[in-house]
Amino acid sequence: MSNIVVLGTQWGDEGKGKIVDLLSPAFDAVARYQGGHNAGHTVYRNGTKVVLHLIPSGILRPGTLCVIGNGVVLDPRAFLDELAALRKVVDFRDEQIVISRHTHLILPYHRLVERISEDTLGERKIGTTCRGIGPAYEDKAARRGIRAGDLLDLAVLEDKIRQNTAEKNALIVRAGLEPLDPRAVFEEFAGYAESLRRFIGDASRLLNAEIKAGRSVLFEGAQGTLLDMDHGTYPYVTSSSSTAGGACTGLGVGPTRIDAVLGVAKAYTTRVGAGPFPTELRDELGKAIGKKGDEFGATTGRARRCGWFDTVAMAYACRVNGIDRLVMTKPDVLDGLAEIPVCTGYLYKGSLLDEFPTEPWILEKVQPRLETRPGWKLPVHEIRDWEALPPAFLDYVKFLEDRVEARFAVVSTGVERRDTIFNDGRLGGLLDLAKIRAAV
Ligand code: GDP
Ligand code: IMO
Ligand code: MG
């Protein structure tokens with residue numbers, strides 16, 4: 001029985017949702033440890049598309065326990081809407097979902113404050129998802145946040161909402177917007193308290209008990225390593241810890257309980273929102289890759305910027321997360337290209353950097369050193385066995401691996417569960433492949 005973290009190694013949207021859904025039959029619980037409904041995790045089940053934002057991507061599997069950790073920020077309205085939408089397409093029981101009582105809530109003033117902050121930044125704006133994520137984490141750090149557990153005592157809730165709304169109204173009015181009515185906010189949230197009460201529990205205690213009883217947990221990351229608040233391309237990041245350490249702090253599970261970190265990596269790179277992106281393609285080819293890869297945000301619908309695979313950034317991501325096994329997604333989008341450039345170094349002020357610089361003012365000026373690999377002619381989509389993969393594709397995989405100190409153990413070749421190739425040897429018993437294969 002192993003407990004693993006599955007997380008994004010780039011700027012998000014690597015295909016984490018597909019991979020978590022695929023692997024979840026081998027786990028008893030799937031737990032989200034950070035982020036909020038800024039995430040959009042797409043899962044296909046027999047041609048039906050389901051996009052998850054807050055609810056862990058294990059929910060499509062009967063009986064899987066789905067935990068929302070203290071490291072997540074939760075907008076109750078978004079959660080309830082997602083639940084209602086999900087009920088129409090998936091059979092699950094409410095008891096399968098647990099929200100940590102320490103999970104911080106997103107309130108209506110968080111969205112307003114975020115809009116003001118983005119407008120004030122003008123040209124320098126982050127390009128956030130405008131879901132109130134950053135401001136909710138700000139309040140958490142400032143020790144004035146409202147947590148899911150506060151919904152269980154309406155007097156406490158009312159007092160906190162009154163105080164917080166008054167403070168935020170000062171800002172809101174200064175920006176020329178209508179102030180919020182604290183009474184109306186409280187009444188709205190008192191309604192959510194009623195609906196959410198049954199989901200709120202002690203996530204840390206529950207998960208540790210599961211692990212102690214020999215059951216296994218998959219820790220699901222949102223966003224990606226380069227959007228991590230500490231290790232990403234700050235300030236063009238999200239406001240949470242999307243790297244592996246976040247799984248421990250975001251759920252109250254110690255590092256000794258985690259067996260491995262599986263990094264999900266797209267065969268190329270994408271980014272949504274502002275911020276440096278050394279291998280970005282600003283030409284027709286970039287647009288064509290975006291079109292073929294359907295690279296439009298699962299949350300905001302924005303076009304994702306596309307570029308080549310970056311081994312400098314990937315080596316960094318493998319290091320900060322302790323990743324030794326990778327999952328490659330979407331190589332099918334590169335099918336048919338005569339050659340595929342890969343970034344293998346950055347030139348900065350005339351010299352080659354041997355480390356990924358996270359500072360935007362450096363990253364914006366680096367010149368990516370691109371080395372070109374031959375493309376593969378045979379489409380990878382229909383292939384089911386590692387051995388049957390085209391030699392040029394395996395050469396591409398090896399070329400990347402030689403530069404990142406991690407090996408690809410899984411290759412995804414399409415949106416459906418069956419479009420996946422496992423390398424049993426490289427997984428070395430980490431995953432119960434019999435269970436996973438039986439549930440495809
Ligand atoms: P996440 O945020 O990491 O879960 O990724 P998203 O769901 O936002 O974006 C990934 C997109 O790629 C989704 O539309 C997936 O359905 C799709 N996808 C995942 N794996 C593959 C793959 O191997 N090939 C192709 N063509 N699409 C994939
Ligand atoms: P998943 O889980 C891609 C980006 C936003 C913006 C920055 C900060 O689907 O991979 P925020 O609203 O979090 O304060 O925005 O982070 N961003 C994502 N980009 N995938 C995501 O999630 C993202 N979540 C946030 O575009 O640049
Ligand atoms: Mg996404």
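If you're wondering where the values come from, they're calculated on a predicted model, not measured in any experiment. Atoms within each ligand, like the ligands themselves, are counted from 1 in listed order.
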Evaluate the side chain to side chain donor-acceptor pair (under 3.5 Å) criterion for residues Q96 and T64: first the C-alpha distance (whole Å), next the side-chain angles of each, then the deciding distance (0.1 Å), finally the verdict.
CA-CA 6 Å; Q96 271 174 260; T64 302; 5.4 Å; no
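- Listed by atom number, the atoms of ligand 1 under 4.0 Å from K18 heavy atoms are 20 (N).
- Inclusion of G15 in the set of residues having an N or O under 3.5 Å from an N or O of ligand 1 is warranted.
- Every atom of ligand 2 is numbered from 1 in the order shown, and the set under 4.0 Å from a heavy atom of W11 is 3 (C), 19 (N).
- Counting the atoms of ligand 2 from 1 in the order shown, those under 4.0 Å from a heavy atom of A222 are 2 (O).
- Checking R305, K330, K287, R271 one by one against E295, the salt bridge (Lys or Arg N to Asp or Glu O under 4.0 Å) holds for a single residue, K330.
- Shortest distance from the Mg ion (ligand 3) to D13 is reached at OD1 (N/O/S atoms only).
- Near A39, with a cut-off below 4.0 Å to any heavy atom, the atoms of ligand 2 are 1 (P), 2 (O), 9 (O), 22 (O).
- Between K18 and the choices V415, V327, V43, D419, the side chain to side chain contact (heavy atoms under 4.5 Å, CB included) rule is met once, by D419.
- Counting heavy atoms closer than 4.0 Å to ligand 2, residue N38 contributes atoms from both its backbone and its side chain.
- Nearest to atom 8 (C) of ligand 2 by heavy-atom distance, out of V237, T233, L226, is V237.
- Less than 4.0 angstrom separates some heavy atom of G127 from each of these atoms of ligand 2: 5 (C), 6 (C), 26 (O), 27 (O).
- Residue K16 touches ligand 2 through its side chain alone, judged by heavy-atom distances below 4.0 Å.
- Taking a 4.0 Å cut-off on heavy atoms, R131 fails to register as neighbouring ligand 2.
- Contact atoms of ligand 2 toward G273: 27 (O) (distance under 4.0 Å to a heavy atom of the residue).
- Contact between G40 and ligand 1 is present, with at least one heavy atom of the residue lying under 4.0 Å from the ligand.
- Each of the following atoms of ligand 2 lies closer than 4.0 Å to a heavy atom of I126: 27 (O).
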